[in-house]
Number of protein chains: 2
Amino acid sequence: MSTAVESAVTELRGMIVNGELPISERITESSAGNLLGISRTPARSALSQLESEGLLIKLEGRGYKIRPFSFADLEKATEVRSVLEGIAAGRLASMGPSEEATVAIEKSIAMTEAIISRDAVTKREIAVYQEANEIYHSAIVDTCGNDFVGQSLERIANIPIIAPGAFTEVEGMAQAEMLRMTVGHSQHVIIWDAIRSRDPVRAESMMREHAGAPIRYAKLFIGDGYQRKLMTTGIVNREDVPKT
Amino acid sequence: MSTAVESAVTELRGMIVNGELPISERITESSAGNLLGISRTPARSALSQLESEGLLIKLEGRGYKIRPFSFADLEKATEVRSVLEGIAAGRLASMGPSEEATVAIEKSIAMTEAIISRDAVTKREIAVYQEANEIYHSAIVDTCGNDFVGQSLERIANIPIIAPGAFTEVEGMAQAEMLRMTVGHSQHVIIWDAIRSRDPVRAESMMREHAGAPIRYAKLFIGDGYQRKLMTTGIVNREDVPKT
DNA sequence: ATGTCAAATTATGCATCCGTAATTGACTAA
DNA sequence: TTAGTCAATTACGGATGCATAATTTGACAT
């Protein structure tokens, strides 16, 4: 929250992904500036940054609009994320994990194990799971020895649901959540085993499967409910949601 | 070349990758502005954009410096590029190539075939080969149906030697160039066959091998000469060049 | 009522100015 | 000689004003 530009980016990004800004509405330098109480100069930087992140689309001469994501877009972004995280896991298996990575990953696994061994889960447990998931994935990406992987991931990491931490809860789907967490945990264990065993091929392919899981299993285990949930956040185009 | 920011980015990027700016020198908003005859406002935007591209590093409070790339960095960027282009090729094989893609790719193959069937190559042929190579790779990436692939590639595409077009010529290495072009052409043919045969696995794995080729084969077929050449461009750190 | 043209509004891009923070360099004291 | 403090320069972030381009609106004519 130091500079106006940084906080503007954070602020606007939050408003966009939470659907607090009407998708239809145009955003200009002035309107964004007024909204956040800053002048046009930092507002312009913030908008152009969000455009390069892919969250805004520039309407030449008429401001920006929020980029509408279709469900297909989310799947495509996930595909890229899976592949990138896959090479991160593969690299880590080749190199051997650092002490730092080992500590973080084993901590994450301990956290998720504690959660799935319970009978029922509350919102609180889901939040902890998300945190653990975030730790697991960033430990692998950050210590894989190839900065370009993390750099490329940053671009698509801001798209909701795609990010590792965004293990979005679906209302009234506690059982389905539990199932997803159990599956996720088991995959974490398997991938970590592959890494420790220095098996890059297995680590890569398992991570590739796993990183694509949130969106794939959303369809597989939950079905339309997930898409409908996404729609309400304004992230997904109405048109993409199956008619009921 | 319309706005000052755009031309400043292009200008500065060119100067950086061509080694026209001393790597040691600090770049501030004012110095960049003076250099290009623009004020600090567009200079600031340009610098921050180049930073997000990974070509500059921000020295908090003291301007920017040119990011030094090690040979290892180039290899890592290539690794990411290979994987991303791999999924593009795989997707194209799954979907079946569009008419547009087919035309572009077959044109590219015809161009490279014409070149390698000659006895000797001049600078001119090498330039044509680069163009054909560029056509081939961008046809696959642009028509693969996943925009995020191209978007992610843009980030690392600016790193010299990594970009498909950057099939840099090494002085006095005409024979080695010829070999690389022949190998490259044959891989293009093979990948295209895999795509047309709707074999995503083969298309992906071959493309992954092929996209990593420039830097891998540089070592394999040319050896130290290549690294020394890179050094003279200022792209690669002196320290990385093997002692002779 | 519709189409066309002009004026006004809107939005952007860029330059300049100001306030602030940080670094550097010089001077003094131990 | 060295260390510490203070001042000056440097650099940045942000606000504002102006020029330009584009879009929209409104008026007028057909």
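Protein chains get the first letters and strands the later ones, always in sequence-line order, with residue 1 at the start of each.
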Results of side chain to side chain donor-acceptor pair (under 3.5 Å) for A:R44 - residues two or more places apart only
none
Counterpart residues, side chain to side chain donor-acceptor pair (under 3.5 Å), relative to B:S45 (two or more places apart)
none
Could you check whether [X] pairs with [Y] (Lys NZ or Arg NE/NH1/NH2 to Asp/Glu carboxylate O, under 4.0 Å)?
X: A:R208; Y: B:E204; result: yes
X: A:E79; Y: B:R91; result: yes
X: A:E53; Y: A:R13; result: yes

Using a cut-off of strictly less than 4.0 Å between a heavy atom of the residue and any atom of DNA chain D, enumerate the qualifying residues of residues 26-40 of chain A by number.
A:I38, A:S39, A:R40
Nearest nucleotide by nearest heavy atom, which residue falls closer to the 5' end of DNA chain D, A:T41 or A:R62?
A:T41
Can you tell me how far [atom2] of [N] sits from [atom1] of [X], to the nearest Å?
X: A:R44; N: C:dA11; atom1: CZ; atom2: P; value: 14 Å
X: A:L59; N: D:dA21; atom1: CG; atom2: C1'; value: 16 Å
X: A:E51; N: C:dG13; atom1: CD; atom2: P; value: 10 Å
X: A:E60; N: C:dT12; atom1: CD; atom2: P; value: 10 Å

Parallel, tilted or perpendicular: ring planes of B:H188 versus B:Y136, cut at 30 and 60 degrees:
parallel
Would you tell me if any nitrogen or oxygen in the side chain of A:K58 comes within less than 4.0 Å of OP1 or OP2 on C:dA11?
no
